[in-house]
Each structure stands twice: as C-alpha cells, then as structure tokens.
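Structure, as structure tokens:
Within every chain, numbering begins at 1; the chains are lettered A, B, ... in the order of the sequence lines, protein sequences first and strands thereafter.
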Amino acid sequence: MKKPQPVRGTHDLLPGDARAHAAIVATAQGIAGRHGYHPIATPIFEFTDVFARTLGETSDVVTKEMYSFEDKGGDSLTLRPEGTASIARAFISGGLQQDLPLRFFMSGPMFRRERPQKGRQRQFHQIDAELIGVATPHADIEVIALADAVLDALGVKQDVSLELNTLGDTESREAYRGVLVEYLRDHVSELSDDSRDRLERNPLRVLDSKNQQDKQVVEGAPKSSDYLTAAASDFFGAVCEGLNDLGIAYNINTRMVRGLDYYCHTAFEFVTARLGAQGTVLAGGRYDGLIELMGGPSTPGIGWAAGIERLAMMVAAPPAPPRPIALVPVGGAAERRAMVMARDLRAAGLSIDIAYSGNLSRRMKRANKVNARAAIVFGDDELERGGVSLRDLDSGEQIEIKQDELEHRLAALV
RNA sequence: GUGGCUGUAGCUCAGUUGGUUAGAGCACCAGAUUGUGGAUCUGGGGGCCGGGGGUUCAAGUCCCCUCAGCCACCCCA
C-alpha cells in the first residue's frame with residue numbers, strides 16, 4: 001500500500017514541533033495576560049460573508065485563497081483565513097459593546113490556499129491580540145508594546161525590526177489614493193504587468209513592489225505623508241512619541257501598506273531577514289471601521305497576528321520535555337506493583353516512565369533513552385524488605401531506600 | 001496562479017558513459033551481558049529508487065506526464 005501523504009500545504013506537528021508550538025503559545029499567552037489580554041476562541045469556520053465583505057472584495061485572500069464550501073443547508077461557509085474578522089463578529093454576536101474596552105488573545109489554525117513555501121503553509125497557526133474600544137493612540141502604543149514584549153520573551157527580538165506607517169483616516173486615504181492613481185496612470189508604460197494589475201485592484205500595493213522598474217516609478221510618486229489630514233498626522237505623531245518613550249525602535253516606512261481593506265491609521269510589521277521571502281513575522285494595524293462595516297456599533301479596534309511556524313523557525317531550541325523517573329520492575333509481582341507505584345508518584349506530581357517489556361538490561365536502556373533522571377529498580381528481594389533501589393542515572397550511584405522515602409527522595413532529585 | 005531546482009532506507013547522503021542481487025553513516029531491533037543504562041563488538045530487520053507511462057536486450061540513471069518539497073514572483077503571518 002502506498003504511503004499516505006498529508007494534504008498539500010498541511011503538515012503534522014510531530015512531538016518536537018508540537019512542543020515548540022505549545023511553548024510559543026504559552027509564552028505569548030503569559031505576556032498577553034499580564035497586559036490584560038485574555039483568551040477567546042472563535043469557530044474555525046464562519047459564514048463566507050464574514051471574510052468576503054471585510055477583507056476586501058478584490059483582495060487576493062478573498063478572490064483566490066479562501067477555502068469556501070457549501071454547507072448541506074445551502075449556506076456558504078469558509079475556513080477562517082485570519083482571526084480579526086472572526087473576533088469582530090464574535091464581539092457583535094456576543095453583544096459585548098457594554099464591556100469596552102476589551103482585550104483578546106487567540107491562537108489557532110488559519111487556512112489560505114496559497115502555493116506552499118517554507119514559512120507558508122495552507123494550514124498555518126497564528127497567535128492574535130486585539131484591543132477593541134480605544135480610539136486614542138494609547139491603544140496603538142499598548143498593542144505594539146505587547147508585540148514587542150512577546151517577541152522579546154521568545155528571544156527573537158534581536159532578529160526583527162519594526163516597520164511603521166500610517167494609512168491615515170478615510171479622508172487622508174481618499175485624497176492620497178486619488179493623486180497616487182493619477183501619478184501611476186501617467187507612468188503606466190513604465191510599470192510591470194503585476195503593477196498594472198495592482199493599479200486597477202489595489203493601487204497602494206504598487207508602492208511595495210519588489211520589481212526594479214516599479215521601484216524607480218515609486219521613487220517619484222507622491223508621498224502619503226503629504227496628504228494626511230492634520231488629525232491623522234497628529235495621531236501618528238502621538239503613536240511615534242509613545243514608542244519613543246518606551247524605547248521601542250522603529251523605521252517609518254511610507255511604502256508599507258496593508259493587504260486587507262479594513263485597516264486605517266497605524267500599520268506595523270515586525271520583519272526579519274532570517275526567513276527568506278517570508279520576512280513578516282508579526283503584523284497588524286488599526287481597524288476603526290471594521291465593526292461598523294459588519295453591522296455592529298461604530299467601535300474602534302487595533303490588533304496584530306503572528307505566524308507560529310515562522311516564530312518557531314526563529315526560536316533557538318525547543319524546550320526539552322521534563323525528565324521522567326523510570327520504574328524498572330523485575331519479575332511479575334514487581335510489575336504489578338509498579339503500576340500502583342506509578343499512579344501514586346504521578347499523583348504526587350512526578351513524571352513516570354515504565355517499560356512494559358524486556359529484561360532488566362533492556363529496561364535500563366529504555367530509561368536512558370527517555371533521558372530519565374533516575375531509575376527505581378525493584379524485584380522480590382527489595383519488595384520483601386519494603387524497599388527499592390534508587391539509581392541516579394547521571395552519577396551512576398545506587399542506594400537502597402524504604403518505599404515510603406521515595407516521594408521525598410525523588411522530589412529532591414528533580 | 002507563473003518561473004526554476006530537487007525527490008534513493010526513519011534521518012543525512014553515495015550510486016561511474018544506462019549493465020549482475022541498490023550501498024554507507026546515524027537511528028531501530030537482537031545477542032555478547034537471565035538483577036543494572038551510556039561505550040564497544042557481532043548479527044538482524046528495513047527500499048514498488050515519489051507515482052505513472054515511454055525509449056532500450058537492459059532504467060535509480062535517458063525522455064514525457066503527474067505528485068510533493070524547496071527557491072523566487074504573486075500574496076501574506
């Protein structure tokens with residue numbers, strides 16, 4: 001029979017990877033908790049509208065990357081491609097507007113049907129933080145500071161840099177978009193095919209094209225910062241000052257734009273050079289219009305998401321599993337006794353490994369293989385005396401102790 | 001979706017201009033050691049050479065298709 005394969009772009013988290021992922025989530029959740037961001041979990045699929053209407057009808061995510069299907073009841077459902085729209089929907093569905101401001105932490109799988117590469121799978125995992133209900137720059141500063149703290153706690157801060165930009169308010173965006181499109185149309189013959197397409201669908205995207213020709217055109221393009229309203233400009237200034245106060249370094253990158261329609265004002269990305277073309281490790285921004293767009297009360301929001309697979313590739317070493325204590329019974333009576341002993345020691349908080357087969361030598365080898373801290377060896381001799389042999393597997397020292405001393409002795413070892 | 005590179009044991013890889021029964025290291029299993037692990041030695045199990053088709057007396061090797069991974073683009077976390 002042919003070896004079964006996972007679906008393209010998906011992969012199993014085998015124990016080493018699973019541990020690394022869990023550790024990243026646990027670290028992030030701990031930091032988020034200190035900032036007042038507490039867990040929320042939304043369904044993995046939603047009505048297609050939740051994403052189609054909010055991410056932008058022309059965005060790549062909506063037009064070609066969503067896993068959408070018709071439910072047996074006739075509804076169009078979609079596996080979530082990102083978390084923010086789901087959380088906004090949950091906020092509205094749950095009638096949470098009276099509890100503002102709200103801070104949420106979420107983690108879980110997301111789905112986008114892209115061509116797989118390293119750091120880019122069709123099912124991938126994100127951690128996500130959202131702050132809903134704070135309209136002032138405090139929110140932007142807090143959310144970025146949280147991101148910074150999480151990356152620091154994961155030990156990857158020295159490998160990333162923060163790119164910062166403002167998309168302005170609606171008025172600023174409309175004004176800038178107008179002059180940009182006008183400029184680009186004048187230079188359309190110099191643009192790449194991709195950018196001509198972008199010009200129709202999402203003109204701001206031309207700004208961060210990697211094509212050399214496009215870059216030259218962009219050099220001479222009008223700058224978004226010149227078209228900000230006074231209010232939008234002041235808002236961004238306050239965000240920058242707040243980051244300065246916290247000593248968080250950033251580069252203002254006026255060519256950085258967002259792929260999803262609902263963003264406004266502050267946009268930010270933590271990027272790295274260590275992951276090839278998938279340089280974005282954590283990204284987010286403000287989405288003041290999103291909740292109203294979805295039919296909820298006009299409510300500001302800001303948040304970010306980070307790819308766990310990408311973080312995992314940067315985190316130095318996955319944490320080692322705890323070292324167990326190995327039980328090594330000799331003989332049938334001892335084997336039966338081992339099950340009871342294991343339950344009691346586990347109940348006392350110890351990690352216990354038992355090999356169910358093999359002679360003493362084999363079981364000792366297994367103890368070594370699972371990196372046990374110590375082995376408890378016992379057969380008829382010891383049991384008659386009410387004792388066990390306790391062998392320190394690091395030093396090789398072995399002593400016989402009373403069974404009722406075990407818990408105490410082992411606690412001192414691990 | 002576009003272009004390119006690569007698929008040989010669980011892992012990392014050899015495999016000559018096409019030529020007997022496809023190899024190594026590590027890992028795994030067992031024995032040397034029937035109450036003592038790591039080291040050593042000995043032996044063993046493991047491969048539709050990614051899959052399918054073609055050329056040939058003969059294909060791991062050449063050609064085509066396909067699947068998957070990787071790299072870049074696109075896009076994005």
Got a donor-acceptor pair under 3.5 Å from the side chain of A/Arg120 to the base of B/rC74? yes
Generate the contact string for nucleotides 36-47 of chain B. Rules: B means base contact, S means sugar-phosphate contact only, - means no protein heavy atom under 4.0 Å. BBB---------
Candidate nucleotides B/rG1, B/rG69, B/rA77, ranked by approach to the side chain of A/Arg8 - the nearest: B/rG69
Roughly how many Å apart are B/rG15 and B/rU8, using the P atom of each and rounding to a whole number? 14 Å
Is it true that the side chains of A/Gln29 and A/Ser107 contain a donor and an acceptor less than 3.5 Å apart? no
Return yes if a side-chain donor-acceptor contact under 3.5 Å exists between A/Thr170 and A/Arg173, otherwise no. no
Check: A/Tyr176/A/Glu171 side-chain N/O donor and acceptor closer than 3.5 Å: no
Nearest to the side chain of A/Gln5 - B/rA77, B/rC75, B/rA68? B/rA68
Regarding A/Gly119, tell me which of base, sugar-phosphate or nothing describes its non-hydrogen contacts under 4.0 Å with the strands shown. base
Where A/Ala338 and A/Ile354 come nearest, the two heavy atoms and their spacing: O-CD1, 4.0 Å
Could you check whether A/Gly83 gets within reach of a base, just the sugar-phosphate, or nothing at all, counting any heavy atom under 4.0 Å? nothing
B/rG50 and B/rA9, which share atom name C1', separated by this distance in whole Å: 14 Å
Considering every strand and a 4.0 Å limit on heavy-atom distances, what is the contact class for A/Asp381: base, sugar-phosphate, or nothing? base
Spacing of the P atoms in B/rU61 and B/rC49 (rounded, Å): 10 Å
Using the ring pair (Phe, Tyr, Trp, His ring centres under 6.0 Å) criterion, which residues pair with A/Tyr67? Sequence neighbours excluded. none
A/Asp194 near the nucleic acid: base, sugar-phosphate alone, or nothing, with a heavy-atom cut-off under 4.0 Å? sugar-phosphate
Any side-chain donor paired with an acceptor under 3.5 Å for A/Glu309 and A/His125? yes
With a 6.0 Å cut-off on the ring centroids, do A/His265 and A/Phe235 count as close? yes
For a quick check of understanding: with a heavy-atom distance under 4.0 Å over all strands, which category does A/Ala367 fall into, base, sugar-phosphate or nothing? nothing
Should A/Lys210 be listed as having a side-chain N or O under 4.0 Å from OP1 or OP2 of B/rC73? yes
P-based separation of B/rA22 from B/rC48 [nearest Å]: 13 Å
Report yes if a donor N or O on one partner sits less than 3.5 Å from an acceptor N or O on the other, where the partners are the side chain of A/Arg115 and the base of B/rG3; otherwise report no. yes
Take atom CZ of A/Phe47 as the centre, draw a 6.0 Å sphere, and report whether it contains more than 12 heavy atoms from other residues, nucleotides or ligands. no
Can you confirm whether the side chains of A/Asp159 and A/Thr272 place a donor and an acceptor under 3.5 Å from each other? no
What pattern of brackets, bars and dots sums up RNA chain B from 5' to 3', given Watson-Crick or G-U wobble pairs under 3.5 Å, [ ] for crossing pairs and | for another strand? (((((((..((((.....[...)))).(((((.......))))).....(((((..]....))))))))))))....
